[in-house]
Amino acid sequence: KNEVEQSPQNLTAQEGEFITINCSYSVGISALHWLQQHPGGGIVSLFMLSSGKKKHGRLIATINIQEKHSSLHITASHPRDSAVYICAVPGAQKLVFGQGTRLTINP
Amino acid sequence: EPEVTQTPSHQVTQMGQEVILRCVPISNHLYFYWYRQILGQKVEFLVSFYNNEISEKSEIFDDQFSVERPDGSNFTLKIRSTKLEDSAMYFCASSGTGVNGYTFGSGTRLTVV
């Protein structure tokens with residue numbers, strides 16, 4: 001059974017700061033998902049990555065398969081980035097979710 | 001961009017009542033899932049569905065839960081006799097390639113009173 005741990009659980013930063021959220025998992029995987037959950041509750045898929053790095057706008061996701069670790073970075077953070085960020089890994093016929101990182105960006 | 005649609009967005013029901021949560025997956029997807037998130041907790045897997053049958057279910061998915069694909073487009077989750085602890089956000093997801101390509105619906109917030 002794959003255990004997924006995220007850190008930090010809560011993160012508050014000022015607008016413009018560089019943000020890093022970490023995710024570790026216990027069992028080797030083929031790909032990892034980064035998801036965003038806004039206060040209304042809906043989940044949006046940000047990235048799925050299996051190696052290296054992916055970039056989408058100000059969001060960058062990296063993964064180290066050997067270390068079983070992934071990071072999500074946000075450059076030039078903005079208040080609209082405030083949300084819960086969740087990593088999830090495949091487990092047989094399902095995704096196994098981390099507990100999420102609540103990010104608050106203050107103006 | 002194709003979406004997974006869930007209805008209703010919010011449902012309030014009395015304890016002991018049956019509820020049906022509805023989902024319209026992306027049309028060419030083959031794998032369908034239900035997850036739930038109790039307030040303040042992590043998202044938990046309920047059930048996966050492929051080729052018109054359940055492919056995996058969690059311990060949460062007991063006899064009070066059932067899933068159905070009644071026609072070519074809908075995917076439903078039925079809770080037969082709701083309990084207070086069933087109050088949660090329920091997410092439907094679909095995938096064309098199994099766990100490596102997911103799209104989530106916006107969720108149904110179920111409140112059992």
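In the text below, chain A, chain B and the rest are named by the order of the sequence lines, each starting its count at 1.
Hydrophobic clustering (ILVMFWY, side-chain heavy atoms < 4.5 Å, transitive): B:Tyr31 and B:Val24 are in distinct clusters. Placement of B:Leu84 and B:Phe65 within a single hydrophobic cluster is found when ILVMFWY residues are connected by side-chain heavy-atom separations under 4.5 Å, directly or transitively. Residue B:Trp34 is not grouped with residue B:Phe45 when hydrophobic side chains (ILVMFWY) are merged at heavy-atom distances under 4.5 angstrom, including chains of intermediate members. Hydrophobic cluster membership differs between A:Ile65 and A:Ile60, with clusters built from Ile, Leu, Val, Met, Phe, Trp and Tyr side chains linked at under 4.5 angstrom. With hydrophobic clusters built from ILVMFWY side chains whose heavy atoms lie under 4.5 angstrom apart, A:Ile63 shares a cluster with A:Phe47.
Between the side chain of B:Tyr33 and the backbone N or O of A:Leu95 there is no donor-acceptor pair closer than 3.5 Å.
For residues 68-77 of chain A, heavy-atom neighbours of chain B at less than 4.5 Å comprise no residues at all. Scanning residues 3-22 of chain B against chain A with a 4.5 Å heavy-atom cutoff picks out nothing at all. Using a 4.5 Å cut-off between non-hydrogen atoms, the part of residues 105-113 of chain B that approaches chain A consists of B:Gly105, B:Ser106, B:Arg109. Contacts from residues 97-107 of chain A to chain B, taken as heavy-atom pairs separated by less than 4.5 Å, involve A:Phe97, A:Gly98, A:Gln99 in sequence order.
For B:Glu59, the CD atom is loosely surrounded, since the number of other residues' heavy atoms within 6.0 Å does not exceed 12. With a 6.0 Å radius and a threshold of 12 heavy atoms from other residues, nucleotides or ligands, A:Asn10 has its CG atom above the threshold.
Contact tally against chain A (heavy-atom pairs below 4.5 Å) for B:Glu56, B:Lys42, B:Met89: the top residue is B:Glu56.
Proximity to chain B (any heavy atom under 4.5 Å) is shown, for A:Val84, by neither the backbone nor the side chain. Contacts between B:Gln41 and chain A at a heavy-atom distance below 4.5 Å are absent for every atom of the residue.
B:Phe104 contributes atom CZ, which lies 8.0 Å from atom NE2 of A:His33 (distance to the nearest 0.5 angstrom).
When side chains are defined from C-beta on, A:Leu35 does not count as touching B:Val43, because their heavy atoms never get closer than 4.5 Å. At a threshold of 4.5 Å between non-hydrogen side-chain atoms, the residues B:Tyr102 and A:Met48 do not count as touching.
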